[in-house]
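Structure, as structure tokens:
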Amino acid sequence: MDNSQNQTPATTNFIKNIIENDLQTKRHTTIITRFPPEPNGYLHIGHAKSICLNFGLANTFNGTCNLRFDDTNPEKETEEYIQSIMNDVSWLGFKWHGEVKYASDYFDKLYECAEYLISQSRAYVCDLSFDEMKLTRGTLVNVGTNSPYRNRNADENLLLFRKMRDGEFEDGTKTLRLKIDMSSPNINMRDPIIYRIKKIHHIRTADKWCIYPMYDFTHCISDALENITHSCCTLEFADHRLLYDWIIHHLVNDGIISHTPRQIEFSRLELQYTVTSKRKLNELVVNNLVSGWDDPRMPTISGMRRRGYPKDGIHLFINRCGVSKSPNIMDLAVLESSVREVLEGNAKRLMAVLNPLKITLTNFDETIGSKKSPFHSKHENMGERMVELTREIYIEQDDFMETPIAKWQRLSLGGEVRLRHSYIIKCDEIIKDDNGNIIQLNCSIDKNTLGRNPEDRKVKGVIHWVSVTKSIPCIVRLYDRLFTKAEPDHHTSDFKQLINPNSLDEVNAYIEPAVNTLHPEEVVQFERLGYFVADRYDFNLTNKTYIFNKTVGLRDVWKN
RNA sequence: AGGGGAGUCGCCAAGUGGUAAGGCAUCGGAUUUUGAUUCCGACAUUCGCAGGUUCGAUCCCUGCCUCCCCUGCCA
């Protein structure tokens, strides 16, 4: 499955070190991790890091990894998101252990834990309004003040909490809070809310509940119930670990739960020229700035898939990113080179011309032959096809220059060039329109150069081409980075102002007939141009709709 | 009376009291019917800054600086 570790030397990271130590010291005999998304949006490259980390850790240490939906806030969660998340995780090549888990599976147990904490006077029902709560919480530098409801006795609290559960109070009128310390320098410890009233239909529990547990209460207990050994999350939860440990400690101590999971934080993955916040991604979709969550320009997993990024390329990229606690913004080049590295050995080669310039081969006659060429010069098992030359062909406009600049290796007036997989030709004449624009070239074939090089001279340039009569029209969508700034999140202006107006260009192109051997989602290399994927939805052989998305260009050290 | 996290090459990132791995990028050069690939070679006397301990410090100690996160009944 994941063969990308062959390409990058196995590096270690602090989480692996922790696990190795836990295994060596017999603190654990096996490890269990989990990937716990909230189903409130599509997964993006940042999630890919978490997925590769959690499932990857389980794989390398022979443990298991659960997929658990953190569905504690019914306001924003949908079945569509659940499906897309399962699809994305599977597409990345990972298998979760057993059934998919849901935090909502534990609502009964969570409720039981809450009642227990109430009985121990460790939790109380609070009547403070949202605004009063905000006022009494204190600030970053000032301590909070105790709620006037903090000292309600256990019996009263239990009664009130049950009434909350039974729907006797309106949304927002009461909460259940932990009784910890309003003067704690860590705001998460200032009597955090663990249950709130929301009379909202839940995608899984329907209308069974009208109170829902908060993240801090749910997550640690869910981890404990699933016997998670290492609960890896991003750095912004580091402040919550104290609370995580507090809840687990009291529940384990009193025998209410039996396992103590450990939370470990790592830094999130950021990528140049894009944004990775569900809110901003959603804004792009809602405002039709992209075609959807899976627009090839989106950093979503489904977007990258549609862009033609192979899953192994994403794995390789994530491996190259590493895992640490330092803030980072990955260079786009790391992602692109990872994608190229995987595609280099897997993609068939084909010729396509995106900006055609017509050439007439003036000495073309019946003696001109053709030859079969492999789809990949290093992997003959990928098959071959006939590359048939005709009297009229198209080459790329960029591959011709009337008076060549220094080191020019392509075609020029009076110059020679090799037609890829075919003959060497020479440009004899340029035909221009009334405005002086080049509209056609007349060239002659050196008939002795099919499959062999001339002995009297060296022709260095090689250009791709297609036959005017044999080639097939297709549509190619050219994608560029979505934003004009490397760090669109780090500017004060609205990030939408930084959108690259030229991130999508659609051109009518010509491709050789072997396009008929492709299937949707297959990535091919258009020789000398880059990698292109047959769109998974719009490329259709039977309808003869040939639509490609540019995945990534070839590395290009040629500067002109 | 703030708390938490982080600072090692342009971007990532190992590392350790014993003299700075690796990847991407970059720059040379070779091969090439893709200016691709492949292959060779170059690329931190230095680890945020300043002191201290030590035979020896990126690593230990002290002070300072910079950046990120936290004041949802979101996760």
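Hydrogens, waters and symmetry mates play no part in the numbers below; they use all other heavy atoms, side chains included. Every chain is numbered from 1 and lettered A, B, ... according to where its sequence line falls, protein lines coming before strand lines.
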side-chain N/O [X] vs [N] OP1/OP2, d < 4.0 Å:
X	N	answer
A/Ser326	B/A13	yes
A/Lys198	B/C74	yes
A/Thr72	B/A75	yes
A/Arg452	B/U33	no
A/Arg420	B/A36	no
A/Arg340	B/U37	no
A/Ser324	B/A13	yes
A/Arg196	B/A75	yes
A/Arg349	B/U37	no
A/Arg268	B/C69	no

- Query: Toward the 5' end of RNA chain B, which comes first, A/Glu527 or A/Ser184, by nearest nucleotide?
  - Reply: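 Its nearest nucleotide being more 5', the pick is A/Ser184.
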- Could you pick out which residue, A/Val462 or A/Asn73, lies toward the 5' side of RNA chain B when each is mapped onto its nearest nucleotide?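 Going by which nucleotide is closer to the 5' end, it is A/Val462.
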Nearest whole angstrom, please: distance from the [atom2] of [N] to the [atom1] of [X].
X	N	atom1	atom2	answer
A/Met382	B/U37	CE	P	17 Å
A/Phe526	B/G35	CZ	P	17 Å
A/Asn188	B/G5	CG	P	13 Å

- Query: Got A/Cys220 and A/Leu243 here, is their nearest side-chain heavy-atom distance under 4.5 Å?
  - Reply: no
- Note on the structure: For RNA chain B, the expected dot-bracket line (Watson-Crick or G-U under 3.5 Å, [ ] crossing, | inter-strand) is .((((((..(((.....[...))).(((((.......))))).....(((((..]....))))))))))).....
- Item | Name of the residue among A/Arg68, A/His230, A/Gln263 meeting side-chain hydrogen bond (donor to acceptor under 3.5 Å, both in side chains) with A/Asp223 |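 Of the listed residues A/Arg68, A/His230, A/Gln263, the side-chain hydrogen bond (donor to acceptor under 3.5 Å, both in side chains) partner of A/Asp223 is A/Arg68.
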Tabulate atom names and distances for all N/O pairs under 3.5 angstrom spanning the protein and nucleotides 2-4 of chain B.
from, atom 1, to, atom 2, distance (Å)
B/G2, N9, A/Leu140, O, 3.2
B/G2, N3, A/Leu140, O, 2.9
B/G3, N2, A/Asp239, OD1, 3.4
B/G3, N2, A/Asp239, OD2, 2.7
B/G4, O4', A/Asp239, OD1, 3.4
B/G4, O2', A/Asp239, OD1, 3.4

If you measure from the [atom1] atom in [N] to the same atom in [M], how many Å do you get, rounded?
N	M	atom1	answer
B/C9	B/U45	C1'	14 Å
B/A44	B/C11	P	16 Å
B/C61	B/U54	P	16 Å
B/C47	B/G15	C1'	11 Å
B/A57	B/A20	P	13 Å
B/C40	B/C24	P	13 Å
B/A14	B/G48	P	15 Å
B/G4	B/C59	P	22 Å

- Task: Assess the pair A/Tyr102 and A/Phe69: is the distance between their ring centroids shorter than 6.0 Å?
- Result: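 Centroid separation for A/Tyr102 and A/Phe69: below 6.0 Å.
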- Close aromatic pair by centroid cut-off 6.0 Å: A/Tyr212 and A/Tyr195: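 Ring-ring flag for A/Tyr212/A/Tyr195: false, centres at least 6.0 Å apart.
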- Query: Would A/Arg385 and A/Glu512 pass as an ion pair if we require N to O under 4.0 Å?
  - Reply: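 Result for this pair is yes, salt bridge flagged.
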- Query: Does A/Arg190 reach the main-chain N or O of A/Ser184 with its side chain, forming a donor-acceptor pair under 3.5 Å?
  - Reply: yes
- Query: A/Thr276 side chain to A/Glu270 main-chain N or O, any donor-acceptor pair under 3.5 Å?
  - Reply: no
- To the side chain of A/Arg320, which of B/G23, B/G35, B/A75 is closest?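 Of B/G23, B/G35, B/A75, B/G23 is nearest to the side chain of A/Arg320.
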- Item | Closest nucleotide among B/A6, B/A14, B/A75 to the A/Thr12 side chain |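 Out of B/A6, B/A14, B/A75, the nucleotide with an atom closest to A/Thr12's side chain is B/A14.
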- Message: Under a plain distance cut-off of 3.5 Å, with no hydrogens placed, do A/Thr78 and A/Glu80 share a side-chain donor-acceptor pair?
- Response: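 Result is no, nothing qualifies.
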- Verify the distance criterion only: is there a donor paired with an acceptor across the side chains of A/Ser222 and A/Arg34 at less than 3.5 Å?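 Result is no, nothing qualifies.
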- Task: Could you tell me how the ring of A/Trp209 sits relative to the ring of A/Tyr111: parallel (under 30°), tilted (30 to 60°) or perpendicular (over 60°)?
- Result: tilted
- Task: Evaluate the ring planes of A/Tyr215 and A/His240, with Trp represented by its six-membered ring, and classify them as parallel (under 30°), tilted (30 to 60°) or perpendicular (over 60°).
- Result: perpendicular
- Give a yes or no on whether a donor-acceptor pair under 3.5 Å exists between the nucleobase atoms of B/U71, that is its base, and the side chain of A/Lys134.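 Side chain to base: no pair below 3.5 Å.
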- Message: Is it the case that B/G35 (base atoms only) and A/Arg528 (side chain only) share a donor and an acceptor within less than 3.5 Å, ignoring hydrogens and angles?
- Response: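 Answer no: no donor N or O sits under 3.5 Å from an acceptor.
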- Task: Sort out for me which residue in A/Tyr510, A/Phe532, A/Phe526 forms a ring-ring contact (aromatic ring centres under 6.0 Å, His included) with A/Phe548.
- Result: A/Phe526
- Query: Does B/G72 fall in syn (glycosidic angle within 90° of 0) or anti?
  - Reply: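 With its glycosidic angle within 90° of zero, B/G72 counts as syn.
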